[in-house]
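What follows is a single structure, written as C-alpha cells, with notes after it.
For reference, positions follow the sequence shown, starting with 1.
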Amino acid sequence: MTLDPDTARRLRDGMARGVLSFPLTSFHDDGTLDPDGFRAHVAARIATAPGAVFPACGTGEFFSLDEDEYRQVVTITVEEAGGRVPVVAGIGYGWAQAVRFARIAEDAGADALLVLPHYLVAAPQDGLVAQLEQIAARTRLPLIAYQRGQVAFGLDAFRRIARIPGVIGLKDGHSDLDRLQRLTLAAPEDFLFFNGAATAEIQARAYATVGVPAYSSAVHAFAPEIADAFFTALRDGDDGTVDKLLRDFYVPLVELRDRVPGYAVSLVKAAARLRGHPVGPVRAPLTDPTAADLADLRQLLTIGLDLVGAAL
C-alpha cells in the first residue's frame with residue numbers, strides 16, 4: 001500500500017499545537033444516530049483548533065456503531081475538518097472486521113486509523129504483532145496502535161510493530177511509565193507517542209517526563225475552554241494553573257467518573273448536554289448518569305468553567 005508521508009508530520013505538528021479531540025457520537029432519544037447533531041458537535045470541536053480529531057473511538061462509542069453509522073460519522077468529520085486538522089478514525093475488533101472499518105474510513109477520506117484493542121480474548125505477543133501486520137497489509141492509511149486492556153506490547157513486540165510499514169505511532173492507556181520509557185527509547189526517531197490514559201490530564205506531566213507530551217482529552221468534548229487552558233499551562237510550565245485545574249476540577253471529575261463503570265463516556269456526554277450540545281444519550285450497555293450524579297457534575301462543571309473565565 002502507498003502511504004501519505006505527510007500524515008505523520010501533520011499529526012506531530014498538531015500534537016504540539018493543541019489537545020487531541022475525541023468527539024462524541026450523537027444519538028436521538030430513541031437510540032438512532034443523529035447525523036445533524038453530530039455534525040454540529042464535531043464542527044464546534046474543530047472550530048477550537050485541536051491538534052487532531054479522532055471520530056468513532058472509545059469516547060465516540062465505536063463499539064456501538066454499525067458500519068453504515070460509522071461511515072456517516074467519519075464522513076461528517078472529514079467534511080467538517082476540511083483538511084484543517086488530521087482526522088484519525090477508530091477501527092477495531094478482530095483484524096478482518098477492523099479492515100472492513102478501515103476501508104470505510106479510507107473511502108470517507110480519513111487521514112489515519114487508531115487501532116483499538118481487539119475483542120475479548122487475551123493474546124500472546126506474536127498475535128498482537130500479527131494483528132497489526134494483517135491490518136497494515138490491507139489499508140493505505142497509517143496506523144496508530146492503542147495499547148490498553150488486554151493489549152500491552154513488550155519491548156521485542158514493540159520493536160517489531162514499529163518496523164511494520166504504515167504503523168506510525170502508539171497510544172498508551174496503561175500508564176506503566178517504566179515500560180513506556182523503555183519503548184520510547186527503543187522507538188524510531190519519527191515514531192509518534194500519545195498519552196491515552198483515562199482523563200489523560202491527570203497524568204500528563206508524568207507522561208511528558210518520559211517523552212510523551214501529547215494526550216487525548218475527553219474534556220475537550222464538552223469544555224474546550226478548560227482543556228485548552230490546561231494544555232497551555234502545561235506547555236508553558238505554569239505549574240500553579242496546572243495544579244489548580246487538577247485539584248479543583250480534574251481530580252474531582254475522576255472521582256465522579258469512578259462511581260459507575262462506563263461513566264468515562266457517560267459523564268462526558270452528560271456534560272456536553274448540560275452545555276447545550278446535541279449529543280443525546282449513550283447506548284447500552286452504557287447508562288446515563290443518575291440525577292444525583294448529574295447534579296454533582298453540573299456543580300463541578302460550573303467550578304471548572306469559572307476557573308478559566310467561562311460560563312455554563
Side-chain angles (χ1 to χ4, degrees), residues 13-24 26 37-54 59-60 80-81 84-85 194-208 213-259 263-280 289 291-312:
D13 291 348
M15 289 155 53
R17 184 182 66 245
V19 299
L20 306 176
S21 180
F22 285 68
L24 301 156
S26 300
F38 178 72
R39 185 178 293 277
H41 173 68
V42 77
R45 301 312 94 199
I46 292 170
T48 66
V53 61
F54 289 67
T59 305
E80 293 302 320
R84 289 173 291 168
V85 296
F194 307 83
N195 167 3
T199 315
E201 287 89 345
I202 291 289
Q203 300 186 65
R205 278 193 293 207
Y207 268 82
Y215 61 89
S216 56
S217 176
V219 170
H220 190 269
F222 63 86
E225 306 97 324
I226 299 174
D228 289 343
F230 183 91
F231 177 88
T232 299
L234 184 67
R235 181 194 61 195
D236 295 348
D238 182 356
D239 289 335
T241 298
V242 169
D243 287 343
K244 187 168 184 60
L245 287 170
L246 287 173
R247 181 175 54 248
D248 296 343
F249 176 73
Y250 283 100
V251 169
L253 179 64
V254 168
E255 292 172 350
L256 182 56
R257 180 200 73 197
D258 289 346
R259 289 182 186 176
Y263 264 19
V265 175
S266 301
L267 285 178
V268 174
K269 244 186 173 176
R273 292 195 301 273
L274 286 173
R275 302 206 71 196
H277 301 309
V279 296
D293 290 342
L294 191 60
D296 289 344
L297 177 62
R298 179 187 291 273
Q299 181 180 20
L300 177 58
L301 182 54
T302 300
I303 291 170
L305 290 169
D306 185 63
L307 288 172
V308 298
L312 185 63

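- The two residues K269 and G280 have their closest heavy-atom pair at CD-O, 3.6 Å.
- Rounding to the nearest 0.5 angstrom, the gap separating the CG atom in L246 from the CD atom in E201 is 8.5 Å.
- The two residues V242 and L234 have their closest heavy-atom pair at CG2-N, 3.6 Å.
- When atom types are taken as modelled, the side chain of R17 and the backbone of P50 share a donor-acceptor pair closer than 3.5 angstrom.
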Given salt bridge (charged side-chain N to carboxylate O under 4.0 Å, His left out), test D248 with K244 step by step and report yes or no. CA-CA 6 Å; D248 296 343; K244 187 168 184 60; 3.2 Å; yes
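- Between F222 and L267 there is no side-chain heavy-atom pair separated by less than 4.5 Å.
- Although no hydrogens or angles enter the test, the distance criterion places a donor-acceptor pair under 3.5 Å between the side chain of H41 and the main chain of L24.
- Side-chain atoms of I226 and L307, non-hydrogen and from C-beta on, never get closer than 4.5 Å to each other.
- Exactly one residue among D238, D239, D243 makes a side-chain hydrogen bond (donor to acceptor under 3.5 Å, both in side chains) with T241. That residue is D238.
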Determine, step by step, whether V219 and Y250 satisfy the side chain to side chain contact (heavy atoms under 4.5 Å, CB included) criterion, reporting the C-alpha distance in whole Å, the side-chain angles of both residues, the deciding distance to 0.1 Å, and the verdict. CA-CA 9 Å; V219 170; Y250 283 100; 3.5 Å; yes
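- F231 and Y215 have tilted rings, their planes meeting at an angle from 30° to 60° on a 0 to 90° scale.
- The distance from atom CG of L253 to atom CG of D258, rounded to the nearest 0.5 Å, is 9.5 Å.
- Distance check, rounded to the nearest 0.5 Å: CG of D293 to CG of L300 gives 11.5 Å.
- From R257, atom CZ reaches atom CD of E255 across 10.0 Å, with rounding to the nearest 0.5 Å.
- The main-chain N or O of H220 is found under 3.5 Å from a side-chain atom of R45 such that the two form a donor-acceptor pair.
- Taking OG from S217 and CG from L20, the interatomic distance works out to 9.0 Å, rounded to the nearest 0.5 Å.
- The two residues Y207 and A197 have their closest heavy-atom pair at OH-CB, 4.0 Å.
- Closest of all the heavy-atom pairs between E80 and V42 is CG-CG1, 3.8 Å.
- Atom CZ of R259 is surrounded by more than 12 heavy atoms from other residues, nucleotides or ligands within 6.0 Å.
- The closest side-chain heavy-atom distance from L294 to L274 is below 4.5 Å.
- Residue R39 holds its CZ atom at 11.5 Å from OG of S26, rounded to the nearest 0.5 Å.
- Of all heavy-atom pairs spanning A218 and V268, the tightest one is O-CG1, 3.7 Å.
- The two residues L301 and A271 make their nearest non-hydrogen contact at CD2-O, 3.9 Å.
- The ring of F230 has its center no closer than 6.0 angstrom to the ring center of F249.
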